[in-house]
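A quick write-up on the structure given underneath.
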Amino acid sequence: MKPQIRDHRPNPMEAMYPHIFYFHFENLEKAYGRNETWLCFTVEIIKQYLPVPWKKGVFRNQVDPETHCHAEKCFLSWFCNNTLSPKKNYQVTWYTSWSPCPECAGEVAEFLAEHSNVKLTIYTARLYYFWDTDYQEGLRSLSEEGASVEIMDYEDFQYCWENFVYDDGEPFKRWKGLKTNFRSLTRHLREILQ
DNA sequence: TTTTTTGTCTTTTTT
């Protein structure tokens, strides 16, 4: 029997289709059926205090039991294996549909602690299990390691639409409740990070 | 023009 060789380090996608974006990034209070996480990222290199665009792309969690991997870990392994140099300073920005689970948050926090040359900003559309203290603790540990954790606002959705969606020249169409949901999530996040 | 009990990166072994 031949050993099966599988790639445990998926490469990022270039962009996603509009219906995927609208479904997975909608910041609903009760987001039924969003049992996937999408993560859009930009990596910039800081040169003389100025961020210079480097790479960008989209990850989705791997559901295949063999390669099962949350989106954040997909990013980390890709980043560590492809881009990361200890001699450079990076600004990494994530736009995620769900905020990280405690395990991923812990790993990312640890990664940040070990890589002082990497700054991370996370914009999340929705907070994952935000009433659960373990999940809250996860977000705090990220924050304590210097990651900036924020809720996606209109401008962030629009930015994602323009940079990570095959938008065919169509403008971003806001959904009703976007701003109200944003405010409510911001309030929750503020309480968590206090 | 502020008020909450919850949406989930799906579940691993049996016919």
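Below, chains carry the letters A, B, ... as their sequence lines are ordered, and counting in each starts from 1.
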ask   = Linking I/L/V/M/F/W/Y whenever any side-chain heavy atoms sit under 4.5 Å apart, do A:Phe25 and A:Phe59 land together?
value = no
ask   = Between B:dG7, B:dT12, B:dC9, which nucleotide has the shortest distance from any of its atoms to the side chain of A:Pro65?
value = B:dT12
inquiry  = Please report the distance, rounded to the nearest Å, between CG in A:Asn27 and C1' in B:dG7.
reply    = 12 Å
query = Atom CD of A:Glu191 and atom P of B:dT2: how far apart are they, to the nearest Å?
reply = 16 Å
ask   = Ring of A:Trp131 versus six-membered ring of B:dT6: centres under 5.5 Å and planes under 30°?
value = yes
message = Without decimals, in angstroms, what is the distance between A:Glu103 CD and B:dT10 P?
response = 12 Å
task = Send over the distance from A:Arg187 CZ to B:dT3 C1', rounded to a whole Å.
result = 8 Å
message = When you measure from the side chain of A:Arg34 to the backbone of A:Tyr32, do you find a donor-acceptor pair of N or O atoms at a distance under 3.5 Å?
response = yes
query = Once you round it to whole Å, what is the distance between C1' of B:dT1 and CZ of A:Arg183?
reply = 9 Å
task = Classify the nucleic acid contact of A:Tyr32 as base, sugar-phosphate or nothing, counting any heavy atom under 4.0 Å across all strands shown.
result = sugar-phosphate
query = Can you tell which of B:dC9, B:dG7, B:dT10 lies closest to the side chain of A:Glu72?
reply = B:dC9
inquiry  = Could you see if A:Trp161 belongs to whatever hydrophobic cluster contains A:Met13? Use Ile, Leu, Val, Met, Phe, Trp, Tyr and a side-chain cutoff under 4.5 Å.
reply    = yes
message = Could you tell me how far apart A:Leu185 (CG) and B:dT6 (P) are, to the nearest whole angstrom?
response = 17 Å
message = Using a heavy-atom cut-off of 4.0 Å across all strands, would you classify A:Ser99 as base, sugar-phosphate, or nothing?
response = base
inquiry  = Is there a side-chain contact between A:Tyr128 and the phosphate of B:dC9, meaning an N or O under 4.0 Å from OP1 or OP2?
reply    = yes
key: Separation of atom OH in A:Tyr135 from atom P in B:dC9, rounded to whole Å   = 9 Å
inquiry  = If the cut-off is 4.0 Å, is A:His188 near the phosphate of B:dT6, judged by side-chain N/O to OP1 or OP2?
reply    = no
request  = Flag the pair A:Tyr159 / A:Tyr95 as yes when their ring centroid distance falls below 6.0 Å, and as no otherwise.
outcome  = yes
key: Other residues, nucleotides, ligands: >12 heavy atoms within 6.0 Å of A:Tyr154 OH   = yes
request  = Provide, to the nearest angstrom, the distance between the CG atom belonging to A:Asn181 and the C1' atom belonging to B:dT6.
outcome  = 14 Å
ask   = Which part of the nucleic acid does A:Arg60 contact within heavy-atom distance under 4.0 Å: base, sugar-phosphate only, or nothing?
value = nothing
